[in-house]
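I have placed the structure first, in the form of structure tokens, so that the comments after it can refer back to it.
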2 protein chains.
Amino acid sequence: MELAGAAKSAKDPDQPVSIEEDGADFDEAALRRAMELLFFAYRDFTGEADALLARYGFGRAHHRVIYFVGRNPGITVSELLAILGITKQSLSRVLGQLMDGGFIDRRPDAQDRRLRRLHLTPEAAALERTLTERQSRFIAAACFKAGPSAAAGFEAVLRAMINPDDRRRVGCE
Amino acid sequence: MELAGAAKSAKDPDQPVSIEEDGADFDEAALRRAMELLFFAYRDFTGEADALLARYGFGRAHHRVIYFVGRNPGITVSELLAILGITKQSLSRVLGQLMDGGFIDRRPDAQDRRLRRLHLTPEAAALERTLTERQSRFIAAACFKAGPSAAAGFEAVLRAMINPDDRRRVGCE
DNA sequence: GCATATATGTCAATATTGCTGACGTATTTT
DNA sequence: AAAATACGTCAGCAATATTGACATATATGC
């Protein structure tokens, strides 16, 4: 991933080369630009919440857990692992830190007591709201600048980029 | 960063709350969805090139360097640091590995010999083309699925998200 | 020429976030 | 009773980033 080059592509005569994709032509320069934009945009977007998280001694991994548990109260450890796409051992450390700090509450399920259901504490819920609001404003500002039609296209392309499993998790559509 | 909740937001009555932004209203649920989509889409996008990079023993940091040096032949170390947004010490290790492996060529500038101008070797240029093609196809496929108008909106919103300094580096527009 | 600023490199220590493998334990299902 | 499931944990490792401190080469201003 990564990528995004920089300004002066200079060197080549810049003849519009194209890449075939299912019969559609997209300009190579436009594709490169999109890759670069995605890199910079994601970097700026993720930088939005970091200062606040640092005040709690948390990083992005903690943010992800807080966000997903907040959006899915009672989610199990397995489900959370599937969403995050990391290993049990990786999650374990972060989850342990959050529980030690009183941000996550873990209780056995009533029916199947092997399952641990995760919930945010009130303190974590407040933090989650603040973080989400901050990042929402960032997205909203960009969508406002670009206009509602562009915002719809933005969402459509993102949706087309993600795999079906993840797609099912977003937007319920 | 991060974010993206999961499916069942269930709990709340889902009355469309909105967030004010410069006079524009955006549905809170739509903003959340956009945040989540960005998280998943970027994750899938960045996963595209990893297998190939692994064959060289490289990671994402190496990819970034190869990409930006490829797009900016003769870029200096300082300029590269500014683009990547990392520290000199962090870059130093990755750059050293790339030079050891014969992927990056570093030569003093003719006028100001404090400057080290960076170039890709032919081998690195070939790798860069392969990686970029792979990721371009990924973006192109999504743009094709979503349609040309959506693709334009996608680019417009991304452009609005990044700060002016970075914006100057992309697309020359 | 001297002082200072710039561009770069490097050493050491640390943090975050991920990985794999190997076990252990509780609980449910068969 | 046996097997599968859900989870936790210990130990080690790797990639990517951080900060601070210091060294060197070169350029620029006076």
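Side chains included, hydrogens not; waters and symmetry mates left out as well; all remaining heavy atoms used. Note that the structure is a prediction, hence the values are computed from the model and not measured. Below, chains carry the letters A, B, ... as their sequence lines are ordered, and counting in each starts from 1.
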In whole angstroms, how far is the C1' atom of D:dT5 from the NZ atom of A:Lys88?
11 Å
Give one of base, sugar-phosphate or nothing for B:Gly85, where a contact means two heavy atoms less than 4.0 Å apart.
sugar-phosphate
Go through the structure and list residues passing side-chain contact (heavy atoms from CB on, under 4.5 Å) with B:Arg129, not counting sequence neighbours.
B:Ala125, B:Ala126
So, is B:His62 near the phosphate of D:dA15, with a side-chain N or O under 4.0 Å from OP1 or OP2?
no
For A:Ser149, give me all partners under side-chain hydrogen bond (donor to acceptor under 3.5 Å, both in side chains), at least two apart in sequence or on another chain.
none
Near DNA chain C, which residues from residues 89-100 of chain A have a heavy atom under 4.0 Å away?
A:Gln89, A:Ser90, A:Arg93
Centroid separation A:Phe39 to B:Tyr67 less than 6.0 Å
no
Rounded to the nearest Å, what distance is computed from the CG atom of residue B:Leu84 to the C1' atom of nucleotide D:dA15?
16 Å
Could you tell me which residues satisfy side-chain hydrogen bond (donor to acceptor under 3.5 Å, both in side chains) with B:Arg117, sequence neighbours excluded, listed by chain and number?
B:Asp109
Under a single-linkage definition using a 4.5 Å side-chain heavy-atom cutoff for Ile, Leu, Val, Met, Phe, Trp and Tyr, are B:Leu52 and B:Val94 assigned to the same hydrophobic cluster?
yes
Least distance between heavy atoms, B:Phe103 atom then B:Ala124 atom:
O-CB, 3.1 Å
Tell me every residue that passes side-chain contact (heavy atoms from CB on, under 4.5 Å) with B:Arg107, counting only those two or more places apart in sequence or in another chain.
B:Asp105, B:His119
Are B:Arg64 and D:dA17 close enough that a side-chain N or O sits under 4.0 Å from OP1 or OP2?
yes
Which residues in residues 107-115 of chain A have at least one heavy atom lying under 4.0 Å from any atom of DNA chain C?
A:Gln111, A:Asp112, A:Arg113, A:Arg114
Given salt bridge (Lys or Arg N to Asp or Glu O under 4.0 Å), test B:Arg64 with B:Glu128 step by step and report yes or no.
CA-CA 10 Å; B:Arg64 282 190 285 260; B:Glu128 191 276 324; over 6 Å; no
Can you check whether A:Thr87 has a side-chain N or O nearer than 4.0 Å to OP1 or OP2 of C:dC19?
yes
